[in-house]
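Since the structure comes first, as structure tokens, the remarks are kept for the end.
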Amino acid sequence: MMETKNTELATTLGTRSLKRDILAEGLQYLTFNLAGEEYGIDILKVQEIRGWMPVTKVPNAPVFVRGVMNLRGAIVPVIDLRLRFGLEAVEYTKITVVIVVTVQSDSGSRIIGMVVDGVSDVLNVNATDIKPSPDFGTAVHTEFISGLVTIEAGMVMLLDVDRLLSIDEMFALEAVRTTESRGVAMLAA
Amino acid sequence: MAIDIGQFVQTFFEESLEGLDIMEAGLLALPPGAVDMEQINTIFRAVHSIKGGSGTFGFQDLTAFAHVMETLLDRMRQGQMDVTSEAVNTLLESVDCLREMLVAARAGAAVDNDRVEHLRERLHLLLNQVNVAVSEHTASPSPVSPTTTPPTGWRINFQPHSDLMHNGNDPVRLFRELSTLGELTVRCDPRQLPHLAKLKPEDCYLSWELELQGTVSHEELVEVFAWVEDDCDLRIEALAKEPTASNPVVARTPGEEGQQGELLLERRKSEDRRQSDRRGPAPADTASIRVGIDKVDAVINLVGELVTTQSMLSVLGVDFDMSRLDKLHEALDQLDRNTRDLQEHVMRIRMMPVSSVFSRFPRMVHDISGKLGKQVELRINGEQTELDKTVIEKIGDPLVHLVRNSLDHGLEPPAERLEQGKPETGAIMLNAYHKSGSIFIEVGDDGRGLNRDALLRKGLDAGLLKPGEDYSDEQIHDLIFHPGLSTAAQISDVSGRGVGMDVVRRNIQDLGGSIQIGSQRGQGTQITICLPLTLAILDGQLVSIGQDCYIIPLLSIVESVQLRAGSVNRVAGRGEVLRFRGQHLPILRLYQMFGAEGAVTDLEKGLLVVVEADGRQVGLFVDDLQGQQQVSIKSMEKNFRRVPGVSGATILGDGRVGLILDISGLIRVNNAVT
């Protein structure tokens, strides 16, 4: 009971009501940590942040789909962002959080939870400070990165969650991956 | 009065399509020869509204077409024309045509102009016949009335009724339209204006004297006033001194017709929540539902009670001590009751009377029986039985198929019926009723019934039945649902269109229902469809597989068995089967299909749940059975996507998500694998 209470203490961000124009051209990003790197997502996409709690596994889903959870009666898929980026999986800890975001897709808006290592900060950014993402060889496909911002502590990669969490794209990717690995296996045999 | 009328267009389409349904029903009820004023008036009003509405929204084709129909109906109404079956049939076709035009207009698509023209000509032809007969009577203007050369100008006396503007009509709009026809002089008559203190700002007190210079035909003028002619006294006189001289036309509100506004309201009440358009594509059109105000009020009341309970609880919670435990219990009970009531009432919002499906059958039976040369009486019962909107939408096609089957194969031609001592007119019965938490819909006929022997032979030929065994009537009748089994002995060339009986059964099963057939040779056939009240809630059996909990729809479970050692055979290439009650039952190891961890893998330690779908049975291997529970079905697709073998999800008692198994999906997956 206690455990569920803790996770129920999900912090609903009051920032949704904060209009962009208050900050005159300033954009706000929620930054989070993933495998030692900082990422940011548009705060208006964020619905809430919850502690990790066990989810229900979905059969035959890609490995990065951890399962589905109950978000006040809605069935919401939970994506592990580490696995989504092809990074090494880690044990979930007390600070592992699920950021619940609203993404736009062709079939309307979807609510999706993504598991990250920890939430860091809310970042105010001037639109002019956002630099285009160079083509660099990180684990992250640059197509998901909408820009880069340099802060004192280093660099924040701004993510395009609509692309990143597109269910159709994720499944298409998975299909390619499985056929590739199958192909490799067949070649090896 | 600048109103964006765009937002009303959708309403116009919905109401017009409803109007067409009314016309259709009215025309079918119109006995040829007899003059049923009430019916004709109803039909007339419907077409009149459509004409007016389409004029307002600028659908000129529609207006023109509706106008011709209206003129024809007006003649009938005034007794200048007989209600012949030819006229009724033409009007019925016109209704179809008008419907197509409406649907096309809504979709922004093109219409079949040839057909429209052709029908219009036929309507004109009918009108002309009358014109010949009734020579020179032109009480209402008709496009074919012998128009003399248009005069050079018109004087129009326009006296709106005080409630003209209540109906959204604006005199200024009319004048603007008139001014496009020619040079318009407007003189306003303010004599009716009351004292300011008594003036109601929403009423119209003014009347106008208009003079229009230019060669404008009388029709064009009437066209402009078409939408308001019930709401005003209108006098149109020619200005010119030509031989035909003045041609006064007085369009008055006939007493029984009532006002446009009332009329719509009235119809809305009676036709309550009737779903307007199932026929055509409607792009960018979110499905809407019309709900009786009483249902909404009930929900609002319940929400009020819920709020009271909530505030009661929060007061209790402020400084709670054990002495008030009783009160807490009481409040929680109340909350429980409120929630249940609210759930029930919200469900009811989605419920619509089955009449919205049944209403299409009179026309269909009329048309098909005419084509087949059979005499058929359609008896409909229980139209007011309500069921879920989604069910209503999906039940239409299967029912059409069943009724068509009855018409085509079930009922005998009149001669054959007489031979067998039956009344010449066959009967088709449609019946809907509630029973023990389910909805039953029956489609019956008093025709020749199923040919048991022919079916038996077919079944034997197809290898579905074994020779020498005894089969019950049900087992044999059930064969007609079997895909690919053509009961050619009784299928005529007319049928074969549309879906087969196997598809009908699958559609019904997709809705969580079942279908049964009863038949007596020579007495008729009766098909009974049983449907769940709602698709939103389902009775489920919870089963555990490893750490996970899945839900099997209770309806699909045949039984659960414990497996004994040696009862399972491995069939090469076909997986495991169990010899079970005389048949071989494939076993699906769910933990394998779903990749569940920590599940029981030893067949003897778990349980086998025998489930049935699409007439096939399989055994689902699970760890154990948990409780049974009513679960509300949540969509997986909304935020995620469709998962094979899973029809949806629900929230379990402990707040976790449980997946609901899609039995027919699982069986299909299994078949694909093996």
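Residues passing the side chain to side chain contact (heavy atoms under 4.5 Å, CB included) test with A:Asn33, sequence neighbours excluded: A:Glu38, A:Asp117, A:Ser120. Taking B:Leu555 as the reference, nothing meets the side chain to side chain contact (heavy atoms under 4.5 Å, CB included) condition, with sequence neighbours excluded. With sequence neighbours excluded, no residue forms a salt bridge (charged side-chain N to carboxylate O under 4.0 Å, His left out) with A:Asp160.
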Give me a line-by-line list of donor-acceptor atom pairs from chain A to chain B that are under 3.5 Å apart, or tell me none exist.
residue	atom	partner	partner atom	Å
A:Thr56	OG1	B:Val657	N	3.4
A:Thr56	OG1	B:Val657	O	2.5
A:Lys57	NZ	B:Gly595	O	2.9
A:Asn70	ND2	B:Gly655	O	2.9
A:Gly73	O	B:Lys634	NZ	3.1
A:Ile75	O	B:Asn639	ND2	3.0
A:Arg110	NH1	B:Glu637	O	3.4
A:Arg110	NH1	B:Phe640	O	2.4
A:Ile111	N	B:Asn639	OD1	2.7

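Results of the side chain to side chain contact (heavy atoms under 4.5 Å, CB included) test with B:Phe640 over A:Val58, A:Ile75, A:Ile111 single out A:Val58 as the only residue that passes.
With a 4.5 angstrom heavy-atom cutoff, A:Ile112 touches chain B only via side-chain atoms. Heavy atoms closer than 4.5 Å to chain B are found nowhere in A:Val55, neither backbone nor side chain.
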